[in-house]
There are 2 protein chains.
Amino acid sequence: MASPIEGTAKTVTIRDVAAAAEVSIGTASKALNGRGRMRTETRDRVLAAAERLGFRPNPLAQGLLAGRTYTVGLVTGDSFGRFSIPVMLGAEDALGAGQISVFMCDTRDDPIRERHYVERLLARRVEGIIVTDRRTEPRPGIGRDLPVPVVYAMTQSTDESDVSIIPDDEGGGALAARHLLATGRTRIGHVTGPEGFQAARLRARGLASVLAAAGLEPAGEALFGQWSEEWGRQGADILLHAAPDVDAVFCGSDQIARGVAETLRDRGRRVPEDVALVGFDNWEPMVLGCRPPLTTVDMNLGEIGRLAARHLLDAIAGTPSGGGVTIVPASLVPRESTRRATPKG
Amino acid sequence: MASPIEGTAKTVTIRDVAAAAEVSIGTASKALNGRGRMRTETRDRVLAAAERLGFRPNPLAQGLLAGRTYTVGLVTGDSFGRFSIPVMLGAEDALGAGQISVFMCDTRDDPIRERHYVERLLARRVEGIIVTDRRTEPRPGIGRDLPVPVVYAMTQSTDESDVSIIPDDEGGGALAARHLLATGRTRIGHVTGPEGFQAARLRARGLASVLAAAGLEPAGEALFGQWSEEWGRQGADILLHAAPDVDAVFCGSDQIARGVAETLRDRGRRVPEDVALVGFDNWEPMVLGCRPPLTTVDMNLGEIGRLAARHLLDAIAGTPSGGGVTIVPASLVPRESTRRATPKG
DNA sequence: TTGAAAGCGCTAACAA
DNA sequence: TTGTTAGCGCTTTCAA
């Protein structure tokens with residue numbers, strides 16, 4: 001059915017099609033776009049010619065006339081890293097379906113490059129811009145009163161009237177906490193990333209508020225450190241020292257959780273029998289490589305991207321969804337590391 | 001210095017600039033492009049008007065005339081995964097510098113989607129296409145006699161006349177082997193991914209040929225399995241059983257190496273004192289999270305991307321670099337896991 | 001039912 | 001030195 005893409009070596013214009021079908025250019029255009037009325041025979045002749053010649057309308061010319069480009073820009077400071085990629089894929093999903101193509105730009109987290117790229121995108125007359133970044137912290141917007149709508153995904157603009165779509169870090173923390181409570185844990189510790197990260201603070205807060213609501217004390221203080229396995233190993237030792245009776249650890253990332261898991265093993269604590277473990281990110285290679293496979297929180301990054309794209313499309317269509325921050329709920333992904341503790345004894 | 005990007009709310013055409021500067025459109029064009037000769041005063045007046053109005057030339061119109069779009073397409077089957085991203089970044093590097101913008105398309109490894117995207121890219125009159133994929137195996141090309149040049153990066157086209165840029169898996173294996181020999185190891189085992197992967201076979205062959213040249217027997221057979229930590233753990237046990245005197249393991253991926261490292265620990269073998277370990281990929285989170293940090297082989301994916309982009313640019317410029325496969329050398333990244341064994345005793 | 005002509009924003013010849 | 005004109009590929013009036 002689908003013939004391979006081939007041999008349009010030379011570019012075919014509507015002029016060629018018209019000539020081949022022996023009609024005027026205007027007629028050819030109408031035939032190809034199904035506009036106006038004309039004899040079916042004529043239309044068919046044009047379509048056949050177009051088919052035969054492998055005609056592809058030039059979207060530049062079309063866009064020039066329509067004043068549209070059917071393109072958007074995707075700007076990331078994350079070097080298309082672990083977080084921005086799922087967001088991008090979600091966005092591309094939503095955009096690609098609508099015949100919108102995506103220009104990608106990686107700013108390497110450099111404001112000069114960012115500015116440069118935004119200029120270039122605007123020059124190219126993209127119809128909208130999605131900005132993603134590696135941190136959810138509010139960041140300066142990419143420009144004021146830009147001629148096209150902008151949506152921030154997985155990051156926020158400091159300008160509150162801008163549209164931002166972010167994950168629910170606090171909700172994710174709460175989710176993890178409730179899951180641990182539901183599986184019978186009561187002495188819950190927390191090892192997470194640097195306190196300078198909003199994500200770390202919010203996740204900790206989500207945990208803390210659920211514990212408080214349940215009338216429980218946390219097991220030791222929340223331990224802020226690095227986003228690394230190494231820190232997870234250290235943090236676990238600190239935690240075991242501060243709260244030897246800990247029966248669960250909620251970690252700010254899957255990497256940290258792996259480090260914690262290793263130390264627990266080394267110290268003779270079994271996961272999940274003695275200590276349950278919950279990570280954050282649902283980063284598959286980490287989560288599945290962990291012993292045992294790790295229960296974790298998924299931020300639904302793809303959904304963030306899709307939502308960002310949908311907001312952008314709405315704004316492009318002239319029905320902006322109103323500014324402000326949209327928070328996408330997280331999900332809990334249960335695995336072996338929090339299997340219900342068997343009754344003591 | 002750099003003022004924030006702002007307020008070009010309404011699109012400004014060269015017509016507006018010409019009117020503001022009280023010159024004809026043609027003159028404005030020449031002034032803006034530095035063509036022809038004219039009074040500096042006039043030129044300055046035009047430039048000032050353009051600046052003041054925030055004029056950005058419409059590249060669609062420019063491209064329409066020049067018959068160029070200054071865009072290329074980047075098609076990946078890898079969902080912008082771990083391998084295609086560095087390649088993409090490298091490509092974007094080389095392209096972005098030259099004012100070329102990149103359309104990204106993710107085919108989700110689906111031939112229908114791929115075809116669809118390629119059609120769309122061609123319709124958009126991209127000037128070239130880079131194809132990346134998750135496997136280096138030769139794959140059917142994206143089309144025959146396309147009107148634009150195509151470069152395959154991190155994958156190969158089955159059509160040998162196509163341009164492909166791939167990593168040096170065999171060389172990487174050899175590099176790892178020589179490094180292990182140089183650090184005094186002689187009983188070298190190999191645990192790697194599925195034999196169905198060219199990458200796995202080539203890496204194994206690189207190791208084997210170096211061992212053979214050194215007159216050494218491998219420690220046990222090459223163990224083909226999965227690209228997972230879990231397999232690394234299993235594989236290590238098999239290896240220890242088959243060749244208890246093994247003093248080094250070369251692994252087909254960093255993930256496998258981590259699994260191997262864990263099993264070695266569990267079995268009381270110290271890394272690197274008793275057994276040295278080399279991975280493959282230089283995937284930082286894996287490599288640095290490993291205990292101890294992992295010596296590994298880096299495929300220089302960024303370089304692959306840059307090279308692909310350069311080939312593409314050459315072809316676009318009309319000086320194609322000739323078809324065929326280009327192999328990019330790998331590098332060894334030494335870390336703790338192969339620290340030289342201290343003399344016995 | 002079809003064709004001719006204007007024009008999208010721009011550049012490059014050529015004329016003035 | 002500047003302005004005028006034609007035309008890139010296409011769509012869309014409007015006239016035939």
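Naming: A, B, ... by sequence-line order, numbering from 1 per chain.
- For B:Arg15, the listed nucleotide lying nearest its side chain is C:dC8; candidates were C:dT11, C:dC8, C:dC10.
- Comparing B:Thr42 and B:Ala61, the nucleotide of DNA chain D nearest to each residue sits closer to the 5' end for B:Thr42.
- Side-chain N/O atoms of B:Ser161 and B:Asp159 include a donor and acceptor closer than 3.5 Å.
- Each of C:dT11, C:dG9, D:dT11 was ranked by its minimum atom distance to the side chain of B:Thr13; first place goes to C:dG9.
- In this structure, the CD atom of B:Glu41 is 13 Å from the P atom of D:dT1, given to the nearest Å.
- In this structure, CG of B:Leu32 is placed 15 Å from C1' of D:dT2, rounded to the nearest angstrom.
- Out of D:dT1, D:dG3, D:dC10, the shortest distance to the side chain of B:Met38 is found at D:dT1.
- The shortest heavy-atom contact between B:Leu64 and A:Asn58 is CD1-ND2, 4.3 Å.
- A:Arg39 has a side-chain polar atom (N or O) that falls below the 4.0 Å cut-off from OP1 or OP2 of C:dT2.
- Atom CG of A:Leu60 and atom P of D:dT11 are 13 Å apart (whole Å).
- A side-chain N or O of A:Ser101 and one of B:Arg124 form a donor-acceptor pair less than 3.5 Å apart.
- When the P atom of D:dT12 is taken as reference, atom NZ of A:Lys30 falls 10 Å away, rounded to whole Å.
- The side chain of B:Thr27 contributes an N or O atom lying less than 4.0 Å from OP1 or OP2 of D:dG3.
- Put simply, CZ on A:Phe55 is 8 Å from C1' on D:dC10, counting in whole angstrom units.
- In this structure, B:Ile25 reaches the bases: a heavy-atom distance under 4.0 Å links it to at least one base atom across the strands shown.
- Residue A:Asn58 has no polar side-chain atom (N or O) positioned under 4.0 Å from OP1 or OP2 of D:dC8.
- The phosphate of D:dT12 has OP1 or OP2 within less than 4.0 Å of a side-chain N or O from A:Arg35.
- A distance of 9.0 Å separates CD1 in B:Ile130 from OG1 in B:Thr132, rounded to the nearest 0.5 Å.
- Taking atom CZ on B:Arg37 and atom C1' on C:dA12, their separation rounds to 16 Å, with Å as the unit.
- Taking only side-chain nitrogens and oxygens, A:Gln62 comes nearer than 4.0 Å to OP1 or OP2 of D:dT11.
- Comparing B:Ser24 and B:Leu64 against DNA chain D, the residue whose closest nucleotide sits nearer the 5' end is B:Ser24.
- Separating the CD1 atom of B:Ile14 from the C1' atom of C:dC10 is a distance of 6 Å, rounded to the nearest angstrom.
- Annotation: the span from B:Ile166 atom CD1 to B:Gln156 atom CD amounts to 4.0 Å, rounded to 0.5 Å.
- Here C:dC10 presents its C1' atom at 13 Å from OH of B:Tyr70, a figure rounded to the nearest Å.
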